[in-house]
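Small disclaimer: the values here were computed from a predicted structure and weren't measured.
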Amino acid sequence: MAKPLLEVKGLKTYFFMEEGVVKAVDGVSFDVQKGEILGLVGESGCGKSVTALSILRLIPSPPGKIVAGKVIFKGRDLLKISDEEMRRLRGKEISMIFQDPHTALNPVFTIGDQIAEPIELHQVIEERLISPEEVPKKVVEMLKLVGMPDPEVRVVEYPHQFSGGMKQRAMIAMMLSCNPSLLIADEPTTALDVTIQAQILELMKELRRKLNTSILIITHNLGVIAQMCDRVAVMYAGNIVEEADLITLFEEPKHPYTQALLKAIPKADVSRGKLVTIPGMVPSLVNPPPGCRFHPRCPFAMEVCTKEDPVTIEVEKGHSVRCHLFSRG
């Protein structure tokens with residue numbers, strides 16, 4: 001197998017608060033291959049967005065701090081390069097679509113100006129790939145690429161004149177304007193209605209086909225995962241608890257948390273009745289449960305689960321699980 005585009009190894013990101021240390025990401029490891037779509041899925045509060053922000057070194061400090069681990073991108077550890085090198089890499093090599101396009105766009109600048117900014121910084125000033133006079137044309141081309149209606153008109157309009165789906169398309173155009181190798185999409189469809197969600201997801205898949213861009217998509221929606229991803233990493237309370245290719249994860253889930261998530265998906269072909277839910281909620285990451293963090297909610301919990309932190313075991317090639325049911329044979 002080719003060397004991964006991105007390797008995250010033992011990443012730990014903590015927030016030092018008055019009430020204690022929040023271990024938001026606590027030893028996370030995964031990789032993303034070139035041209036691959038990897039899904040990072042889990043309930044809200046599991047550390048998915050903090051993982052993404054850690055990759056780009058956008059953790060607010062204080063109170064946040066990356067205390068351990070490696071983020072290897074194209075052979076370089078992003079946690080060891082200078083702030084200036086990291087600034088040059090953001091937007092050019094790695095881009096991120098944030099959760100809410102309504103707040104991610106600046107209301108006092110036109111859409112065209114906001115898309116032009118990374119182009120001017122990376123392709124005009126730093127790389128000198130295009131001239132300043134070519135920037136407006138490139139902006140319109142990017143809006144056309146993401147299917148924006150009337151791009152020549154929209155380029156001079158402001159975010160408040162756009163619908164939610166159009167704002168998200170503008171965000172994607174901005175993030176793809178410098179042809180990044182890796183696109184991180186953090187809940188890219190959360191603020192959109194169902195029809196627009198489907199359009200945005202199809203757009204991202206089409207852009208992957210055209211540009212061979214790797215995508216790390218972060219969501220709590222397993223429907224989005226099923227539609228988009230090649231592989232899936234399931235995250236719970238700051239840990240990756242299971243990782244497998246899409247088909248294997250949906251057909252042969254091993255971790256009790258993954259199984260519970262899949263059972264909780266509403267099904268159209270099932271007669272009415274109570275929805276399946278996971279009892280309890282994600283624990284506080286200031287004082288997480290001892291041992292396996294899922295054990296207070298797990299129907300298969302054993303005594304060892306309350307005392308010892310499980311290790312990650314590869315149950316078959318490409319399928320790993322972090323659970324005592326497998327680590328103890």
>> One pair to check against side-chain hydrogen bond (donor to acceptor under 3.5 Å, both in side chains): S284 and N287. What are the steps and the verdict?
In response: CA-CA 6 Å; S284 165; N287 292 302; 5.4 Å; no
>> So, taking the atom named CD1 in I111 and the one named OH in Y158, what distance separates them when rounded to the nearest 0.5 Å?
In response: 10.5 Å
> Okay, side chain of K205, backbone of Q227: is any donor-acceptor separation there less than 3.5 Å?
Replying inline: yes
> Atom CG of L216 and atom CD1 of I37: how far apart are they, to the nearest 0.5 Å?
Replying inline: 10.5 Å
>> Donor-acceptor pair, distance only, cut-off 3.5 Å: does the side chain of K23 make one with the backbone of K12?
In response: no
>> Rounded at 0.5 Å granularity, tell me how far CG in L183 sits from CD1 in I217.
In response: 9.0 Å
> Would you say S54's side chain and V50's backbone share a donor-acceptor pair under 3.5 angstrom?
Replying inline: yes
>> Nearest 0.5 angstrom please: L325 CG to I313 CD1, how far?
In response: 12.0 Å
> Can you tell me how far the CD atom of Q123 sits from the CD1 atom of I125, to the nearest 0.5 Å?
Replying inline: 11.5 Å
> For the hydrophobic clusters of this structure (ILVMFWY residues joined by side-chain heavy atoms under 4.5 Å, transitively), does one cluster hold both L203 and M166?
Replying inline: yes
>> One thing to verify: whether R88 and D83 come together as a salt bridge, which I'm taking to mean a side-chain N less than 4.0 angstrom from a carboxylate O.
In response: no
> Given side chains that start at C-beta, do those of V155 and T110 come closer than 4.5 Å, heavy atoms only?
Replying inline: no
> So, does H324 use its side chain to make a donor-acceptor pair with the main chain of E308 at under 3.5 Å?
Replying inline: yes
>> Listing request: all ring-ring contact (aromatic ring centres under 6.0 Å, His included) pairs with a residue in residues 225-252, at least two apart in sequence or in separate chains.
In response: Y236-Y257, Y236-F294
> Salt bridge or not for E85 and R57, using N-O below 4.0 Å?
Replying inline: no
> Just by distance, do the side chain of N239 and the backbone of V241 share a donor-acceptor pair under 3.5 Å?
Replying inline: no
>> Before you tell me yes or no, could you show the steps for L182 and T213 under side-chain contact (heavy atoms from CB on, under 4.5 Å), namely the whole-Å CA-CA distance, both residues' side-chain angles and the distance that decides it to 0.1 Å?
In response: CA-CA 6 Å; L182 175 64; T213 302; 6.0 Å; no
> Does the pair F300 and H295 meet the rule for a side-chain contact (heavy atoms from CB on, under 4.5 Å), with working shown?
Replying inline: CA-CA 8 Å; F300 307 108; H295 86 258; over 6 Å; no
> Does the distance from a Lys or Arg side-chain N to an Asp or Glu carboxylate O, for E126 and R87, drop under 4.0 Å?
Replying inline: yes
> Transitively linked via ILVMFWY side-chain contacts under 4.5 Å: L5 with L40?
Replying inline: yes
> Is it true that E7 and K74 have a side-chain N and a carboxylate O under 4.0 angstrom from each other?
Replying inline: no
> Between L261 and I278, is any pair of side-chain heavy atoms under 4.5 Å apart?
Replying inline: yes
>> Would you say L11 ends up clustered with I94 if hydrophobic residues are merged whenever their side chains have heavy atoms under 4.5 Å apart, either directly or through other cluster members?
In response: yes
> Taking all atoms of both residues into account, what is the closest heavy-atom pair of M96 and L53, and its distance?
Replying inline: CE-CD2, 4.0 Å
> If you look at every heavy atom in S29 and I240, which pair is closest and at what distance?
Replying inline: O-CG1, 4.0 Å
> Taking atom types as modelled, is there a side-chain donor on K65 or T13 under 3.5 Å from an acceptor on the other?
Replying inline: no
> Between D113 and V139, is any pair of side-chain heavy atoms under 4.5 Å apart?
Replying inline: no
>> Taking the side chain as everything from C-beta on, heavy atoms only, tell me whether F98 gets closer than 4.5 Å to L58.
In response: yes
> Which atoms form the tightest heavy-atom contact between I218 and A52, and what is the distance?
Replying inline: CD1-CB, 3.3 Å
>> Within the structure provided, determine whether T258 and V321 are in side-chain contact (heavy-atom separation under 4.5 Å).
In response: no
> Should we count CD of E303 as having more than 12 external heavy atoms under 6.0 Å?
Replying inline: no
> Taking side chain as C-beta onward, heavy atoms only, is Q33 less than 4.5 Å from S214?
Replying inline: no
> In terms of side-chain heavy atoms, does E252 have a donor or acceptor partner in H319 at a distance below 3.5 Å?
Replying inline: no
> Quick one: does E93's side chain have a donor or acceptor within less than 3.5 Å of a partner on P180's backbone?
Replying inline: no
> Do E187 and K48 have side chains that get closer than 4.5 Å, going by heavy atoms?
Replying inline: yes
>> Could you tell me if the side chain of L38 sits less than 4.5 Å from the side chain of D230, heavy atoms only?
In response: no
> Judged by atom type as modelled, is there a donor-acceptor pair below 3.5 Å linking the side chain of E117 to the main-chain atoms of Q114?
Replying inline: no
> How far apart are the closest heavy atoms of L201 and M228, and which atoms are they?
Replying inline: O-SD, 3.4 Å
>> Can you tell whether the side chains of R209 and E202 come within less than 4.0 Å, N to carboxylate O?
In response: yes
> Is there a chain of hydrophobic side chains (I, L, V, M, F, W, Y, each step under 4.5 Å between heavy atoms) that links V32 to V234?
Replying inline: no
>> Does L79 form a side-chain contact (heavy atoms from CB on, under 4.5 Å) with K70? I'd like the steps, not just the answer.
In response: CA-CA 6 Å; L79 303 185; K70 295 181 179 180; 5.5 Å; no
> Quick check: does any side chain N or O of R297 sit under 3.5 Å from a backbone N or O of P279, one acting as donor and the other as acceptor?
Replying inline: yes
>> Salt bridge check, R154 against E157: does any charged N sit closer than 4.0 Å to a carboxylate O?
In response: yes
> Can any side-chain N or O of K263 pair as donor or acceptor with the backbone N or O of V276 at less than 3.5 Å?
Replying inline: no
> Does a salt bridge link D26 with R293, judged by any charged N lying under 4.0 Å from a carboxylate O?
Replying inline: yes
>> As a quick check of understanding, evaluate side-chain contact (heavy atoms from CB on, under 4.5 Å) for I130 and V135, giving each step before the final call.
In response: CA-CA 7 Å; I130 62 175; V135 173; 4.2 Å; yes
>> Using a 3.5 Å distance criterion without hydrogens, assess whether the side chain of R208 forms a donor-acceptor pair with backbone atoms of G35.
In response: yes
> Between the side chains of Q199 and R169, is a donor N or O closer than 3.5 angstrom to an acceptor N or O?
Replying inline: yes
>> Can you confirm whether F16 is buried at CZ, in the sense that more than 12 heavy atoms of other residues, nucleotides or ligands lie under 6.0 Å from that atom?
In response: yes
> When rounded to the nearest 0.5 angstrom, what is the spacing between CG in N212 and CG in N179?
Replying inline: 11.5 Å
> Which pairs with one or both residues in residues 28-60 pass ring-ring contact (aromatic ring centres under 6.0 Å, His included), sequence neighbours excluded?
Replying inline: none
> Are V286 and F15 connected in a single hydrophobic cluster, I mean Ile/Leu/Val/Met/Phe/Trp/Tyr linked by side-chain heavy atoms less than 4.5 Å apart?
Replying inline: yes
>> I'd like to know if R231 pairs up with D31 as an ion pair, taking the criterion as any Lys NZ or Arg NE/NH1/NH2 lying under 4.0 Å from an Asp or Glu carboxylate oxygen.
In response: yes
> Can you name the closest pair of heavy atoms from I225 and L246 and give their distance?
Replying inline: O-CD1, 3.6 Å
> What's the shortest heavy-atom distance between G165 and I200, and which atoms?
Replying inline: O-CD1, 4.0 Å
